[in-house]
Amino acid sequence: MKKSFPKEVYLNGAWSAHDKAFVSVFDRGYLLGDGIYEVIPVYEGKPFAVGGHLERFQNGLKTVGIDFDVEELKPLILEAIGRSGLQNSDAAIYIQVTRGVAPRTHFFPEDVQPGVLLYAYPITLKGFEEKKASVIVTEDRRWHRCDIKSISLMANVLANNEAHKRGVAENLLARDGYVTEGSHTSVFFVKDGVLYTHPEDHHILPGVTRKVVISLCQELSLTVSEQALHVNDITSMDEIFLTGTTVQVTAVTSATMGDKEVYTAAEAGPLTRRLQKAFVERVAAETGLT
Ligand code: PDD
């Protein structure tokens with residue numbers, strides 16, 4: 001689906017058309033990338049895993065010292081869906097909270113009001129099981145606090161643009177030779193019936209979808225080892241899949257490192273398929289959709 005601007009956005013207390021919403025050039029999000037963001041999926045008008053997303057959001061804000069209570073976002077999420085006419089559509093909610101407007105300093109300014117932006121936009125969530133992702137392995141050049149969902153995404157942007165130029169959807173980022181995650185997704189590997197994913201530490205984002213998938217593995221009695229995989233072992237994997245709010249659970253069918261394709265699969269493997277089915281069922285159960 002081609003990206004377009006949302007119909008309306010909520011900015012600092014008011015709703016307006018996307019081209020009528022303005023922030024100060026002294027907003028620290030604009031000047032310094034000083035803010036936190038979140039993306040929440042909406043299935044046929046019903047938000048999914050809101051609790052997990054808002055908890056991560058609140059944790060991130062607290063970690064960087066932005067005083068904002070995410071509780072006030074709950075009614076705005078539903079309002080955004082309604083105002084954008086997405087009550088029966090698949091969509092995503094984008095939210096960001098910046099430290100606010102102040103003369104530029106590297107240290108925290110005093111007495112600033114956080115800047116809040118929130119909007120809903122349509123995305124395609126249905127049919128993710130049939131999608132296949134090709135990836136390239138690139139260096140993870142991000143900072144050492146990837147657990148914070150910072151709006152400063154320069155390293156992610158540079159990495160993913162490399163993938164885009166090569167005609168593929170995502171990167172497998174490698175730090176010191178070990179795969180951390182994607183530029184905007186989490187990654188799982190399957191070998192001999194065991195699932196491997198990077199441990200939850202400061203080198204990955206604690207993905208909400210990743211957490212859902214790990215809990216589905218527990219339900220299905222599948223073993224998950226939170227252990228980082230060396231790039232040289234990608235070639236011997238049985239299955240690889242990405243997880244995330246937008247990709248949900250998407251099979252990787254090709255991975256290229258340098259000029260060499262190190263992994264290929266014709267289609268999603270059996271464990272990926274089982275988890276995709278379980279994921280659809282979990283969404284249906286939680287959102288009340290059947
Ligand atoms: N990206 N890792 C990174 C670096 C991410 O940016 C994301 C999400 C994920 C998956 O997390 P979750 O399952 O909570 O969506 C992992 C969002 C969707 C984005 O930047 O648009």
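Atoms within each ligand, like the ligands themselves, are counted from 1 in listed order. Because the structure is a prediction, the values reported are computed rather than measured.
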| Over-ring placement of Arg99 relative to Phe108, 6.0 Å and 45° cut-offs |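 The answer is yes; both the distance and angle limits are met.
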
Looking at [atom], what's its closest protein heavy atom, distance included?
atom                    : result
atom 15 (O) of ligand 1 : Thr245 OG1, 2.6 Å
atom 7 (C) of ligand 1  : His184 O, 3.3 Å
atom 11 (O) of ligand 1 : Gly207 CA, 3.6 Å

Under 4.0 Å from ligand 1, counting heavy atoms only, is it the side chain of [X], its backbone, both or neither?
X      : result
Cys146 : neither
Val39  : side chain
Arg142 : side chain

Find all atoms of ligand 1 within a distance of less than 4.0 Å from any non-hydrogen atom belonging to Gly244, and give their numbers and elements.
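Numbered from 1, ligand 1 contributes 10 (C), 13 (O), 15 (O).
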
If we number the atoms of ligand 1 from 1 as shown, the ones under 4.0 Å from a heavy atom of Ser186 are 10 (C), 16 (C)

Checking Glu38 against Lys149 for the salt bridge (charged side-chain N to carboxylate O under 4.0 Å, His left out) test, could you report, in this order, the C-alpha distance in whole Å, the side-chain angles of both residues, the deciding distance, and whether it holds? CA-CA 7 Å; Glu38 196 51 65; Lys149 207 162 166 60; 5.2 Å; no

**Study point:** From CA spacing to verdict: side chain to side chain contact (heavy atoms under 4.5 Å, CB included), Leu117, Tyr10
**Key:** CA-CA 6 Å; Leu117 169 69; Tyr10 172 88; over 6 Å; no

Within the structure, does [X] bring an N/O atom to less than 3.5 angstrom of an N/O atom in ligand 1?
X      : answer
Tyr37  : yes
Val208 : yes
Glu181 : yes
His53  : no
Thr209 : yes

When you compare the side chains of Ser254 and Glu261, does any donor N or O come within less than 3.5 Å of an acceptor on the partner?
yes

| Any side-chain donor-acceptor pair under 3.5 Å between Glu170 and Ser183? |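 The criterion, which ignores hydrogens and geometry beyond distance, is satisfied for Ser183 and Glu170.
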
When the side chains of residues 237-247 are checked against the rest of the protein, which donor-acceptor pairs come out under 3.5 Å, sequence neighbours left out?
unit_1, atom_1, unit_2, atom_2, d
Asp238, OD2, Asp192, N, 2.8
Glu239, OE1, Leu271, N, 3.3
Glu239, OE1, Thr272, N, 2.8
Glu239, OE1, Thr272, OG1, 2.6
Glu239, OE2, Leu271, N, 3.1

- [ ] Take the angle between the ring planes of His202 and His144 and call it parallel below 30°, perpendicular above 60°, tilted in between.
- [x] tilted

Looking at Glu200 and Arg210, is any side-chain nitrogen of the basic one under 4.0 Å from a carboxylate oxygen of the acidic one?
yes

Is it true that [X] lies under 4.0 Å from ligand 1, counting heavy atoms only?
X      : result
Lys149 : yes
Thr185 : yes
Tyr94  : no

_Is the shortest side-chain heavy-atom distance between Asn156 and Arg142 below 4.5 Å?_
yes

**Request:** Go through the steps to decide whether Arg273 and Glu267 satisfy the test salt bridge (charged side-chain N to carboxylate O under 4.0 Å, His left out), and finish with yes or no.
**Result:** CA-CA 10 Å; Arg273 284 265 174 240; Glu267 53 188 27; 5.4 Å; no

